[in-house]
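Take a look at the structure below.
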Protein chains: 2
Amino acid sequence: MTDTLNPEMQTILELDRVIHEPARLVILTVCSSAEEVEFKFLETTTGLSKGNLSSHTSKLEQAGYLEVVKAFRGKIPVTSFKITKTGKAALASYWTALRDAIPNT
Amino acid sequence: MTDTLNPEMQTILELDRVIHEPARLVILTVCSSAEEVEFKFLETTTGLSKGNLSSHTSKLEQAGYLEVVKAFRGKIPVTSFKITKTGKAALASYWTALRDAIPNT
DNA sequence: AAAATCTGGTTTGTATTGCAAACTAGTCTA
DNA sequence: TAGACTAGTTTGCAATACAAACCAGATTTT
């Protein structure tokens with residue numbers, strides 16, 4: 001029993017809270033595996049409510065992790081999301097931090 | 001591009017929020033690696049404020065994940081924590097869920 | 001022995017969040 | 001042209017995370 005927390009635990013305390021929220025982690029991870037992802041797709045696949053999804057994507061946009069692309073399909077508005085470089089990097093180091101922290105048994 | 005979220009992402013959306021909070025994850029993980037852990041020890045090692053630490057441990061107690069042991073060392077009160085069976089189980093399945101969700105690259 | 005200080009926490013107040021219900025803006029249908 | 005549908009945003013509220021303030025008692029100082 002020492003007096004210092006092991007480093008992995010420290011990194012957990014410093015995890016990026018924007019990404020740590022499960023809904024946003026999923027959104028970002030989905031976006032990281034495709035060129036561009038539509039709002040509607042995220043809504044149906046994640047099961048998040050529109051409102052909830054909207055605020056999480058806004059937060060990810062504000063953080064600079066997601067780029068929001070507004071377009072029309074015919075006359076119908078379609079909102080899509082693209083992960084940014086910053087977003088990719090942040091996600092990667094989030095996963096890395098976690099991977100290092102998980103007890104390996 | 002399908003219409004179903006992969007299962008790992010689903011489990012992320014269902015993560016135990018009591019454990020997901022970084023402070024509590026650290027507290028619980030530390031407690032899982034020792035018979036009994038003192039408040040003071042957690043305070044100094046984690047760097048959490050007393051108040052913050054107090055409310056997180058209360059929450060873990062309410063969830064049935066931690067047992068709180070109140071005692072005296074001489075005349076000084078000492079509060080210690082022991083992880084419960086439920087707590088151990090919850091922590092284990094939290095880690096498992098995460099391990100399964102982490103992209104393996 | 002009174003006052004001040006220290007120890008070990010708990011409670012309170014506040015700002016931030018996560019969430020869905022309600023709303024907005026426009027399109028399609030009867 | 002009224003009503004329903006699509007695609008999202010905004011609003012209101014309950015729950016959090018956090019530290020400042022507080023409390024009970026032990027110890028030290030004057």
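Predicted model, so just to flag it, every value in this text is computed and none were measured. Proteins get letters first, then strands, A, B, ... in listed order; numbering begins at 1 in each. Only heavy atoms go into these numbers, but all of them, side chains included; no hydrogens, no water, no symmetry mates.
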Taking only side-chain N and O atoms of [X], does any of them lie within less than 4.0 angstrom of OP1 or OP2 on [N]?
X: B:His56; N: D:dT16; answer: no
X: A:Asn52; N: C:dG18; answer: no
X: B:Lys59; N: D:dT16; answer: yes

Heavy-atom nearest nucleotide on DNA chain C taken for A:Ala23 and for A:Phe72; more 5' hit belongs to A:Ala23
Looking for any heavy atom pair under 4.0 Å, which part of the strands does [X] touch: base, sugar-phosphate only, or nothing?
X: B:Thr79; answer: sugar-phosphate
X: A:Arg24; answer: sugar-phosphate
X: A:Glu21; answer: sugar-phosphate

Whole Å only: how far is the [atom1] atom of [X] from the [atom2] atom of [N]?
X: B:Leu53; N: D:dA17; atom1: CG; atom2: P; result: 13 Å
X: B:Ile12; N: C:dG18; atom1: CD1; atom2: C1'; result: 17 Å
X: B:Lys40; N: D:dA26; atom1: NZ; atom2: P; result: 18 Å
X: A:Ile27; N: D:dG8; atom1: CD1; atom2: P; result: 13 Å
X: B:Leu13; N: C:dG18; atom1: CG; atom2: C1'; result: 13 Å
X: B:Leu15; N: C:dG18; atom1: CG; atom2: P; result: 14 Å
X: B:Arg73; N: D:dA26; atom1: CZ; atom2: P; result: 16 Å
X: A:Leu66; N: D:dG8; atom1: CG; atom2: P; result: 14 Å

[X], nearest nucleotide to its side chain (from [options]):
X: B:Lys50; options: D:dT9, C:dG9, D:dA7; answer: C:dG9
X: B:Lys75; options: C:dG18, D:dA26, C:dT10; answer: D:dA26
X: A:Ile76; options: D:dA17, D:dG8, D:dT6; answer: D:dT6
X: A:Arg17; options: C:dC19, D:dT10, D:dA17; answer: D:dA17

What one should report as the nearest heavy-atom pair of A:Gln10 and B:Thr45 is NE2-O, 4.0 Å
Exercise. Examine distances only and state if a side-chain atom of A:His20 and a backbone atom of B:His20 form a donor-acceptor pair shorter than 3.5 Å.
Key: yes
request  = Answer yes or no: does atom CD of B:Glu14 have more than 12 heavy-atom neighbours from other residues, nucleotides or ligands under 6.0 Å?
outcome  = yes
* To do: Using a strict cut-off of less than 4.0 Å between a Lys/Arg side-chain nitrogen and an Asp/Glu carboxylate oxygen, indicate whether A:Arg17 and B:Glu21 qualify as a salt bridge.
  => yes
- Heavy-atom side-chain contact between B:Asp100 and B:Thr11 under 4.5 Å: no
Ranking A:Gly51 and A:Pro77 by the position along DNA chain D of their nearest nucleotide, the one closer to 5' is A:Pro77
